[in-house]
Each structure stands twice: as C-alpha cells, then as structure tokens.
Novice: 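Can you read through this structure? Questions will come right after.
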Amino acid sequence: MTSTTAVSGPGSDRRAATLLMACLGVFVAYLPITTVSVSLPAIQQALDASTSQLAWVQDAFVLPMAAFILTAGVVGEVHGRKKVFQAGLLFSAAGAAVALCAQSVQVLWVGQALAGLGAAALLPTTLALISHAVPDVRERGKYIGLWAMSLMAALTLGPLIAGPVIDHVDWRWIYALPVPLSLVSMAVATSRLPESRAAAGRRLDWPGQISAMVAVTALVYGVIEGGAGSFTEPVVLCALAIGVLGGVAFVLVERRSTSPMLDLRLFRSPGFTAATLVAMISFLALIGFFFLLSLYFGLVQQLDTLEAGLRIMLMTGASLVVGGLAGRLMHRIAPRTLITGGLLVVTAALFSLLTLDVDTSFVSVGWRLVVLGLGMGCVITPMTAVAVGSVPPPLAGMAAAGNNAFRQVGGALGPAVLGALLTTKAVDTLPGHLAGTGVDGTVGRRVVESARADGLGAVAGADLGADTGRVMGAVGEAFLDGMRLCLTVAGSLTLLAALVALILMRTPSRRIPQPVRPADQHSGSGQPVRAAG
C-alpha cells in the first residue's frame, strides 16, 4: 500500500471516483504518444522539420516526463496528491493548447514539453491514488490492470483520432481532445477526489531533482545531436559527459539524502530491480519502434495518416485486450512467466518485421503487429505490479514513481538512439541505391547532402523533376536498410529484457531496511517487510 494519510477516508463511492480519476489521468498522460507518432510525416511536411527535429517532437514530451516524474511523486506526498493530479491535468491542457497554435516546430516543442510535465505529475499520482483507495495488495492487481488498460486505450485511440483529423482538417487539431478532457477531469476531481499525503517529515529533494534532470536531458540531447551530425563533435561529447557526471552526482546525492527522491535501497529488491530494468530497456526499444514505424508507413509506403493509424491500432488494440487479462491472471500465473514470455513474443515479432519491404501488404504487416501487441500486453501490467509489490508498503509510491521514471528515460532514449542509427545507416547506403537507379553526378550528390543535413524526409519532399521517382525509390531502400538495423537492435534489447526478467525475478527476496522517511499512519507496524521478488 502506498504511504498515505487520508484527509477524508474514501467510502465505496469515493473509491469508485478515485479509480475513475486515476484511469482518466493516465489516459490523458499517454494520449499524445501515438497521436503524435502517427502524425510525424504530416508534421514533418507541414513544418519542414529535419529527422533530428522530428525526434525532438517526441522527446520534448518524454524528457520532462522522465526528468520530473520522481519529483512530482514527492510533491504529491508533501503537498497533497489531489493537488498534483489537478496540476498535471492543467499542464496537459496548456500543452495541448500551445500545440494547437504551433506555427513552427519550436513552438510545438514547447507544447509537447508542457504536456510532458503534465504526464510527469499524473503518472505517479494516479498509481498512488489506486494504492490508497485499494489497500489490499492482491485486490490492487486488478485495478492496476485497469490502469494499464487505460494507458493502452490511449495508445490505441491515438491513431484513430489522428487519422481523420489529418485527412480532413489541419494536423494541429490532433491536440483538441486533451483540452476539454483535462478541464472536465479537473472539475470532477475538485469535488469527488479525496486528498491524501504522506505523514510529516517528507521533504523535497532539490539536489536529486537537479542532478536527475541534468543527466537525462544531457544524455538524450547528446544522442540526438550525435545521430544528426557526428558523435565526435565537441558539443556532443560535452553533452554525453555532462549526462554521465549528472548520473553519478544523482547517485551520490541520493545516498546521502535524509529524504531521497529515489531511495536507492529499493534496488536491494530483485523484483523492483528487474521490473525497473525491464521497463527502461523495453520502452527504449518499443517507443523507438513506434517512431520508426510511423516514418516507414509515411515515407516508404506513402500511406495516409488514417491507413497508418489503423495498422498501429492492430498492435495497441491487441495489447489493450491482453493487458486487461494479464491483470486478472497475475495471481494464477507468476508475473515472471508473463513478463518473460511476453518479451520473447515481442522479440520474435520485431525480428519477423525484418522482411518488411516497400510493397509489404496490410495483412503481412498486420499479423506481425498483432503478435507484437499481444506480447506487450503481457508485460506492462505485471511489470508495474511487480515494481510496486516488491517493496515494503511505505516505499510503494516511490517504487511506482521510480519505475515510471526509468520507463520514460528508456522512452526518451528510444527515438534518439534508433533515430540516430536509422539516419546514419540510411545516409551511408543512399549513394549506392542512387547509383543503382541511375541517379548520380550532381543530382546524386545534392540528394545525399540534403539527406545528411536534414534527413530523408527533406529529400522525400523535394521536386527533382524527371529524377523524382528514381530518387524516391532509392530513398525508400536506404530507409529500409536503416530500419532493418534498428529492428535488429530493438529485438536484441527486448531479448535482453527477457533475460533480465528470467534471471532476477527468480532471485530470492531480500529484506529492505526501513525507509528514512517516516511511515504513514496507515502503513502498519513499520517493521521491515520482506520484498516479494
């Protein structure tokens, strides 16, 4: 159970309202991910964005979420989770409103960043609200399943929203839904959501927050800019060095803090460590894969947004269905079995996509995406439940926030790492494909220089006269070369995550010492609790 001191103890009606608000909150938090993902080709064309700028569209959302999610959890414990929940909805609405007015990629980044701050506030708070409303650990698994289903519902509906919008009106209207949904949820929460917070003694950890923010931002910036240019450039090397130093500083600060943002003793639980590593590695692969898949559908197969969205919906819809079942199966099938098996299915699906080509049919793509979604659904709900259930009750809220934070770090690195690999490989092989189609000399050099400077999307939008068709064919083949490399990397990462789950989740549990911060009034005796690894 999350450490909570209820300001007003929720009855059955309050519990139902709390669970509804938690599901709405995570839905709002995750809606921008696939809504924007399938819209990337349209955004690139409308705003004349390079591949690296396009990667920042997604990372401008994920970075603030990763950098501030732990702090948001602590702020909720200190000042009240209801207040942080409402603040998250307000930031989500503000970010969507800014993006609705974006006339440049830079303004879109600002809107995405505000929405990311909203998601950072909503994710740990919604899980903490569920833990407070459902004290029984076994019963809570079912409601975490509903929470995960709401997350997957947002990912599933995103393409369905984006497709008709981009086909019939301006792409900016993909941001219309979060504004009223957030504002209405805020209004309902004002009267229906009970307040809760930790007992006195919990404090904000500003040194930990600053070092974490510096580490995550510098690392992702270095990877994106290194992929767009060169990893030997001084600014890239400096950014990566700052990222490493920031990570070291974060560890040192948290070890010495009397009220840490992330108590490092959580990692003495094999279950928490496994769930956290699985979250970071798998989301690096999967969010990066979303980024690649949207570009493949738009740049190579020349599909419109609705056609691309329907294909992605096959994956997220399958994950939604299986995620709901996984929440109910966790007490019959060991979470380790569900997570490892799901990741192996995801790995097989990613490797099967290596045969994708320019003319791959809907059915051929679709069944593989359904299989990938089935595997994802077996992972997300148990992964979250293991992270929360593997630590003593007073640390459950921090464990949820920590797991989400590492998940978002992986999600931020996904488009950055795979986008860098895609661009590097595609640009390296483009001259050969151009020569193979008979495009060489001045036109060939100009195409390669444009791709190297601004990405393949810049070439795809160029009018090259009689050479346009042949250039587009070469660009498509170069993209597929880069995509196959990225799929190999993504599949290897999910296989690594499966091995982590298989090994660490079978390790015997270890006792975690009592947390530094005081336990809440509802946390029991406060004795050390054996972690359920």
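Given the structure is predicted, the values throughout are model-derived calculations rather than measurements.
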Novice: If we ignore hydrogens and angles and just use 3.5 Å, is the side chain of Asn403 paired with the main-chain N or O of Ala279 as donor and acceptor?
Specialist: no

Novice: Taking the side chain as every heavy atom from C-beta outward, state whether Pro415 and Ile287 have any atom pair closer than 4.5 Å.
Specialist: yes

Novice: Determine whether Leu350 and Leu493 make a side-chain contact, defined as any pair of heavy atoms from C-beta on separated by less than 4.5 Å.
Specialist: no

Novice: State, with a plain yes or no, whether a side-chain heavy atom of Ser37 is found less than 4.5 Å away from one of Ser294.
Specialist: yes

Novice: Could you pull out every donor-acceptor pair under 3.5 Å between side chains of residues 373-380 and any protein atom, sequence neighbours left out?
Specialist:
none

Novice: Listed by chain and number, what are the salt bridge (charged side-chain N to carboxylate O under 4.0 Å, His left out) partners of Asp428, not counting sequence neighbours?
Specialist: none

Novice: Start with the C-alpha gap between Val38 and Phe290, add the side-chain angles, then the distance that decides, and say whether side-chain contact (heavy atoms from CB on, under 4.5 Å) holds.
Specialist: CA-CA 8 Å; Val38 298; Phe290 274 140; over 6 Å; no

Novice: To the nearest 0.5 angstrom, please state how far the CG atom of Leu262 sits from the CZ atom of Phe406.
Specialist: 6.0 Å

Novice: side-chain contact (heavy atoms from CB on, under 4.5 Å) between Val244 and Leu240: does it pass, once the steps are laid out?
Specialist: CA-CA 6 Å; Val244 172; Leu240 294 175; 5.7 Å; no

Novice: Spell out, as yes or no, whether a donor-acceptor pair under 3.5 Å connects the side chain of Ser150 to the backbone of Phe27.
Specialist: no

Novice: Are the side chains of Ile281 and Thr494 in contact, using a 4.5 Å heavy-atom criterion?
Specialist: no

Novice: Only pairs at least two apart or in different chains count here, so list each salt bridge (Lys or Arg N to Asp or Glu O under 4.0 Å) that has a residue in residues 401-412.
Specialist: none

Novice: Which value, rounded to the nearest 0.5 Å, describes the distance between Leu293 atom CG and Met483 atom CE?
Specialist: 5.5 Å

Novice: Is it true that a side-chain atom of Thr273 and a backbone atom of Pro270 form a donor plus acceptor pair closer than 3.5 Å?
Specialist: no

Novice: Decide yes or no on side-chain contact (heavy atoms from CB on, under 4.5 Å) for Leu485 and Asp481, but give the supporting numbers first.
Specialist: CA-CA 7 Å; Leu485 172 62; Asp481 289 338; over 6 Å; no

Novice: To the closest 0.5 Å, what do you measure between CG (Leu499) and CG (Leu277)?
Specialist: 12.5 Å

Novice: Flag the pair Leu310 / Phe297 as yes when at least one side-chain heavy-atom distance between them is below 4.5 Å, and no otherwise.
Specialist: no

Novice: May I have all residue pairs that pass side-chain hydrogen bond (donor to acceptor under 3.5 Å, both in side chains) and include part of residues 277-290, sequence neighbours excluded?
Specialist: none

Novice: Would you say Thr126's side chain and Leu123's backbone share a donor-acceptor pair under 3.5 angstrom?
Specialist: yes

Novice: Please round to the nearest 0.5 Å and tell me the distance separating atom CE of Met313 and atom CG of Leu369.
Specialist: 11.5 Å

Novice: So Val409 and Leu219, do their side chains get closer than 4.5 Å, heavy atoms only?
Specialist: no

Novice: Decide yes or no for Thr35 and Tyr175: does some side-chain heavy atom of the first lie under 4.5 Å from some side-chain heavy atom of the second?
Specialist: no

Novice: Give the C-alpha distance, both sets of side-chain angles, the deciding distance and a yes or no for side-chain contact (heavy atoms from CB on, under 4.5 Å) between Leu40 and Gln58.
Specialist: CA-CA 9 Å; Leu40 289 176; Gln58 285 198 312; 4.2 Å; yes

Novice: Measuring only between side-chain heavy atoms, which start at C-beta, is Phe289 closer than 4.5 Å to Leu487?
Specialist: yes

Novice: Quick one: list whatever passes side-chain contact (heavy atoms from CB on, under 4.5 Å) with Thr360, sequence neighbours left out.
Specialist: Tyr296, Gln301, Leu356, Asp357, Ser364, Val365, Arg368

Novice: According to side-chain contact (heavy atoms from CB on, under 4.5 Å), who are the partners of Ala115, at least two apart in sequence or on a separate chain?
Specialist: Phe61

Novice: Output yes when a side-chain donor or acceptor of Thr429 lies under 3.5 Å from a complementary backbone atom of Ala426, and no otherwise.
Specialist: yes

Novice: Roughly how far, to the nearest 0.5 Å, is the CG atom of Leu422 from the NZ atom of Lys425?
Specialist: 11.5 Å

Novice: Are the side chain of Ser319 and the backbone of Met315 linked by a donor-acceptor contact shorter than 3.5 Å?
Specialist: no

